[in-house]
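For reference, positions follow the sequence shown, starting with 1. The shown structure was predicted, so the numbers you read here are calculated from the model rather than taken from an experiment. Values below: every heavy atom of this structure, side chains too, minus hydrogens, waters and symmetry copies.
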Amino acid sequence: MAENQRCSPRIVLDVRVNYDFNAIAHSKDISEGGICLITEQSVEEQKMLNLVFQLPARFRPIESVGKVMWCRKAIEYLFEIGVSFWDIKDAEYMEIKKYLESFEA
């Protein structure tokens, strides 16, 4: 079994994500380091994706470039894709961090 290589905790997140300029996915969860997407098609590992999504209760969309770290079949017609944030502006990284911190008690 593969060892869990996550550096930060993940929070469940279900938002619409535009990736690869014109493809739509939904997120499964998010961390400071990346996001898990649910898609209808597989995506090859190491592929760079342009990501645009909006966190709940936030006004600005998050835009980032992400690198596909893994892709696996979830159920019959859906795939889970682990995407690492690769190129993200500091302000947008801080928005994600602030969102995640809102779940800490």
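Judged purely by atom type and a 3.5 angstrom limit, Ser64 has no side-chain atom pairing as donor or acceptor with the backbone of Phe85. A side-chain donor-acceptor contact under 3.5 Å links Glu92 to the backbone of Glu63. Although no hydrogens or angles enter the test, the distance criterion places a donor-acceptor pair under 3.5 Å between the side chain of Thr39 and the main chain of Gln41.
Through ILVMFWY side-chain contacts below 4.5 Å, Ile24 is grouped with nothing and stands alone. Other members of the cluster containing Ile75 are Ile38, Leu78, with ILVMFWY side chains joined at under 4.5 Å, either directly or via other members.
Residues Ile35 and Phe103 fall within the same hydrophobic cluster, defined by Ile, Leu, Val, Met, Phe, Trp and Tyr side chains chained together at heavy-atom separations under 4.5 Å.
By the side-chain hydrogen bond (donor to acceptor under 3.5 Å, both in side chains) test, Glu44 pairs with no residue at all, sequence neighbours left out. Here Lys47 pairs with Asp20 under the salt bridge (charged side-chain N to carboxylate O under 4.0 Å, His left out) rule; sequence neighbours left out. For Ser31, the side-chain contact (heavy atoms from CB on, under 4.5 Å) test picks out Ser8, Arg10, with sequence neighbours left out.
No hydrogens or angles considered: a donor-acceptor pair under 3.5 Å links the side chains of Glu32 and Tyr93.
Sorted by first then second residue, the side chain to side chain donor-acceptor pair (under 3.5 Å) pairs that include residues 78-91, not counting sequence neighbours, are Lys28-Glu80, Arg72-Glu80.
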Let me check something: any side-chain donor-acceptor pairs from residues 50-60 under 3.5 Å, sequence neighbours excluded? List them with distances.
| from | atom 1 | to | atom 2 | distance (Å) |
| --- | --- | --- | --- | --- |
| Gln54 | NE2 | Arg58 | O | 2.6 |
| Gln54 | NE2 | Phe59 | O | 3.3 |
| Arg58 | NE | Glu95 | OE1 | 3.1 |

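Closest of all the heavy-atom pairs between His26 and Asp14 is ND1-OD1, 3.2 Å.
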